[in-house]
Amino acid sequence: MERIMYPYPQMDWMSLRFKDFPQFLKNLKKAIADERAAIQFYKQLLTMAPTEIAKYSVKTALDDEKIHNKQLTQLYIRLTGQKPEIQIEKVEFQHFYDGLQKAFVDEVEAAKFYKEMYLSVFCQTIRDLLYSIQHDEIEHATLFSWVHGEIK
């Protein structure tokens, strides 16, 4: 049987999986930085939590953010072959209530950001990861809203 040769040039596999691969990597590094900042932020917020429900909610978010950091870092390494170099910005707040409000806004913004990342990828495995993280961020915002209503 004769082998058929196709006249198409060799395609870059990254262009088949991402709308804009360099931009995706930039967003991935931002996501990792944000997750690492959230870990530090929630550790501090947890020490100030005034009720058991507040502690539970912050601890739940903290544990998820640690998982997200690990998953996103592993993805970055798989895509680039290198560990990401990340600068973490410290979240400033004075009281638990102020921190809780900031956490709520950050989680809503994170959910929007992961939606944008999700829509920029065609690879189902990566989409599944981003969808799962986005869902967690929405869950965190819901928990923080619940706590806000309880302690107000």
Examine distances only and state if a side-chain atom of [X] and a backbone atom of [Y] form a donor-acceptor pair shorter than 3.5 Å.
X: K59; Y: K43; result: no
X: T80; Y: Y76; result: yes
X: T60; Y: Y56; result: yes
X: T47; Y: Q44; result: yes

Tell me, do [X] and [Y] make a side-chain contact under 4.5 Å, heavy atoms counted?
X: V91; Y: K102; value: yes
X: F93; Y: L45; value: yes
X: E137; Y: I133; value: yes
X: H148; Y: Q101; value: yes
X: E107; Y: T142; value: no
X: L72; Y: R36; value: no
X: I77; Y: K83; value: yes
X: F104; Y: V147; value: no

At what distance, to the nearest 0.5 angstrom, does [atom1] of [X] lie from [atom2] of [Y]?
X: I126; Y: L75; atom1: CD1; atom2: CG; result: 5.0 Å
X: M117; Y: K19; atom1: CE; atom2: NZ; result: 13.0 Å
X: Q40; Y: E35; atom1: CD; atom2: CD; result: 12.5 Å
X: N27; Y: E116; atom1: CG; atom2: CD; result: 7.5 Å
X: K66; Y: N69; atom1: NZ; atom2: CG; result: 10.5 Å
X: S145; Y: E150; atom1: OG; atom2: CD; result: 12.0 Å

[X] and [Y]: which non-hydrogen atoms are nearest, and at how many Å?
X: I39; Y: L62; result: O-CD1, 3.5 Å
X: S120; Y: F24; result: OG-CD1, 3.6 Å
X: G99; Y: F41; result: O-CZ, 3.2 Å
X: K55; Y: L46; result: O-CD1, 3.5 Å
X: A111; Y: I138; result: CB-CG1, 3.7 Å
X: I88; Y: A37; result: CG2-CA, 3.6 Å

For this session: Assess R127 against Y118: is NZ or CZ under 6.0 Å from the centre of the six-membered ring, and within 45 degrees of the ring's axis?
Result: yes

Exercise. Taking the six-membered ring of F113, is the NZ or CZ of K30 close enough (under 6.0 Å from the centre) and on axis enough (within 45°)?
Worked result: yes

Exercise. Do V58 and I67 share a hydrophobic cluster (ILVMFWY, side-chain heavy atoms under 4.5 Å, transitive)?
Worked result: no

Atom [atom1] of residue position [X] - does it have more than 12 heavy atoms of other residues, nucleotides or ligands inside 6.0 Å?
X: E89; atom1: CD; value: no
X: K115; atom1: NZ; value: no
X: Q124; atom1: CD; value: yes

Exercise. Is the ring centre of Y42 less than 6.0 Å from the ring centre of F144?
Worked result: yes

For this session: Please check if the distance between the ring centroids of Y114 and Y131 is under 6.0 Å.
Result: no

Exercise. With no hydrogens and no angle check, do the side chains of E65 and H68 hold a donor and an acceptor under 3.5 Å apart?
Worked result: yes

